[in-house]
Amino acid sequence: MPELPEVETTRKGIQPKVEGQAIQKIIVRNGKLRWPVDPHLEQKLPGLVILSVKRRAKYLLLETEQGHLIVHLGMSGNLRVLPQQEPAVKHDHIDLVLENGFLLRYHDPRRFGSWLWTDKPIQEHALLKSLGPEPLTDDFHSQYLYQALQGRKTAIKTFIMNNHIVVGVGNIYANESLFLSGIHPTRPAQSLTRKEATRLTSHIKTVLKAAIEQGGTTLKDFLTPDGKPGYFEQKLHVYGREGRPCLQCQETVEKVVLNQRAAYFCSNCQS
DNA sequence: CGAGCAACCTGCATGC
DNA sequence: TGCATGCAGGTTGCTC
């Protein structure tokens, strides 16, 4: 579920209902996430006002006057704003109860996500301080990528999914942007030409932007308790299409596993 | 330092 | 129907 576009859609969705609200309390039903949820949050959070809801990479940052909550959705997490009387169901692990009668509810079957607290400057947090540039800003440009590729033997797909190089490129969009760029996912990173680095940079940006726009329209009411996305599926060229014809040339889409993640490609369109 | 991979956890599809 | 297997949108933190 949570690729960068959905995290950004989540941010936009919860922001208006959460920003400016005081926290009444936090309810932790299961704190065994990627890292254990700090039990002191139950004392720390009541009364604090949420000043802003920002995003860095796939982390959502809830700023208060005393510090930040750093929330990650992992593989299967989601956040919704619901009325306080909404009954909790299985895997509803955390509620942030607000003073406006609503709550921010965290649901995450696999519990790969996280809820962390820091009262230090947010950019110095260990998880954030060594992250690469945001893909949709001007800090991520083709010169930067080309330079970063030099001397790196790892597969290009693995490389663009590395958060130290560029953040927010998940498995779906790594596959899609490589397809659109005509670059085979197993190519050593350092083998890309300047031209290929330029194409890849621009396709990463366009593919993520398009997905955010999709998320913005189809998931516009994801705050209500329905939420079955699948909104990007129609637009995917190779992801999840092993054995089916390439939409561009009709050759069969292939799959290999790289760094424990499925890589899909058309060996006729990508080299 | 870079590269590769085990691990965290639940749910679902598939095959016997 | 039941059970085993493999796979899933992410990331850290080992080992070599």
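Just so we're on the same page: letters track the sequence lines, and every chain starts at 1.
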note = In whole angstroms, the gap separating P of C:dT11 from CG of A:Leu33 amounts to 15 Å

task = Consider only side-chain N and O atoms of A:Lys58 and A:Asn163, and report whether a donor and an acceptor are under 3.5 Å apart.
result = no

note = Rounded to whole Å, CG of A:Asp108 lies from P of C:dA8 at a distance of 18 Å

query = With no hydrogens and no angle check, is any side-chain donor or acceptor of A:Arg111 less than 3.5 Å from a backbone partner on A:Lys32?
reply = yes

Listed pairs, N/O of protein and of nucleotides 14-16 of chain C, under 3.5 Å:
none

ask   = Would you call A:Arg80-A:Glu86 a salt bridge at under 4.0 Å N-O?
value = no

request  = Sticking with atom P, work out how far C:dG9 lies from B:dA3, rounded to a whole angstrom.
outcome  = 22 Å

key: Nucleotide C:dT11, atom P - distance to CE of A:Met75 in whole Å   = 9 Å

message = Rounding to an integer number of Å, can you tell me how far A:Glu3 CD sits from C:dA8 P?
response = 13 Å

request  = Measure up the A:Phe265 and A:His184 rings against each other and bin them: parallel (under 30°), tilted (30 to 60°), perpendicular (over 60°).
outcome  = tilted

query = Given pairs defined as Watson-Crick or G-U wobble with both distances under 3.5 Å, what dot-bracket annotation applies to DNA chain B, with ( ) intrastrand, [ ] crossing, | other strand and . unpaired?
reply = .|||||||.|||||||

request  = Check for a donor-acceptor pair, side chain of A:Glu65 on one end and backbone N or O of A:Val49 on the other, with a separation under 3.5 Å.
outcome  = yes

query = Where does the angle between the aromatic ring planes of A:His237 and A:Phe179 fall among parallel (under 30°), tilted (30 to 60°) and perpendicular (over 60°)?
reply = parallel

task = Could you tell me whether A:Arg187 and A:Glu196 make a salt bridge, using a distance below 4.0 angstrom between a side-chain N and a carboxylate O?
result = yes

query = Using 4.0 Å as the upper bound for N to carboxylate O, is an ion pair formed by A:Glu134 and A:Arg56?
reply = yes

request  = Could you check which residues of residues 161-169 of chain A get a heavy atom under 4.0 Å from DNA chain C? Sort them by number, please.
outcome  = A:Asn163

Check: A:Tyr146 main-chain N/O paired with A:Gln150 side-chain donor or acceptor under 3.5 Å = yes

ask   = With a cut-off of 6.0 Å (strictly less than), are more than 12 heavy atoms of other residues, nucleotides or ligands near NZ of A:Lys44?
value = yes

request  = Check step by step if side-chain contact (heavy atoms from CB on, under 4.5 Å) holds for A:Val89 and A:Arg105.
outcome  = CA-CA 11 Å; A:Val89 300; A:Arg105 177 163 288 167; over 6 Å; no

query = Listed by chain and number, what are the side-chain hydrogen bond (donor to acceptor under 3.5 Å, both in side chains) partners of A:His107, not counting sequence neighbours?
reply = A:Asp92

ask   = Is atom CD of A:Gln147 surrounded by more than 12 heavy atoms (other residues, nucleotides or ligands) closer than 6.0 Å?
value = no

inquiry  = Would A:Tyr106 and A:Asp108 count as a side-chain hydrogen bond (donor to acceptor under 3.5 Å, both in side chains) here? Give the steps.
reply    = CA-CA 7 Å; A:Tyr106 176 71; A:Asp108 184 7; 2.5 Å; yes

task = Give A:Phe159 one of three labels, base, sugar-phosphate or nothing, depending on what nucleic acid heavy atoms sit under 4.0 Å from its own.
result = nothing

inquiry  = Counting only heavy atoms and a strict 4.0 angstrom limit, can you tell me which residues of residues 113-137 of chain A come near DNA chain C?
reply    = A:Leu127

ask   = Whole-Å distance between C:dG10 P and A:Leu258 CG?
value = 15 Å

query = Are OP1 or OP2 of B:dT10 and a side-chain N or O of A:His91 less than 4.0 angstrom apart?
reply = no

inquiry  = With a sphere of 6.0 Å drawn around CG of A:Asp119, does it hold more than 12 non-hydrogen atoms of other residues, nucleotides or ligands?
reply    = yes

ask   = Base, backbone or nothing for each nucleotide of nucleotides 4-9 of chain B, written B, S, -, heavy atoms under 4.0 angstrom, 5' to 3'?
value = SBBBBB

ask   = Mind checking the P distance from B:dC5 to C:dC7? Whole angstroms is fine.
value = 15 Å

ask   = Quick one: which of C:dT12, B:dG11, C:dG9 gets closest to the side chain of A:Lys90?
value = B:dG11

ask   = Thinking salt bridges, do A:Arg29 and A:Asp95 make one under a 4.0 Å N-O criterion?
value = yes

task = Return yes if some donor-acceptor pair links the side-chain N/O of A:Glu8 with the main-chain N/O of A:Leu4 below 3.5 Å, else return no.
result = no

inquiry  = Need one value for A:Arg152: base, sugar-phosphate or nothing, where a base atom within 4.0 Å counts as base even if backbone is also close, heavy atoms only.
reply    = sugar-phosphate

task = Can you tell me the distance, in whole Å, between the CH2 atom of A:Trp35 and the P atom of C:dG10?
result = 15 Å

request  = Provide, to the nearest angstrom, the distance between the NE2 atom belonging to A:His72 and the P atom belonging to C:dT12.
outcome  = 8 Å

task = Provide, to the nearest angstrom, the distance between the CZ atom belonging to A:Arg55 and the P atom belonging to C:dG10.
result = 14 Å

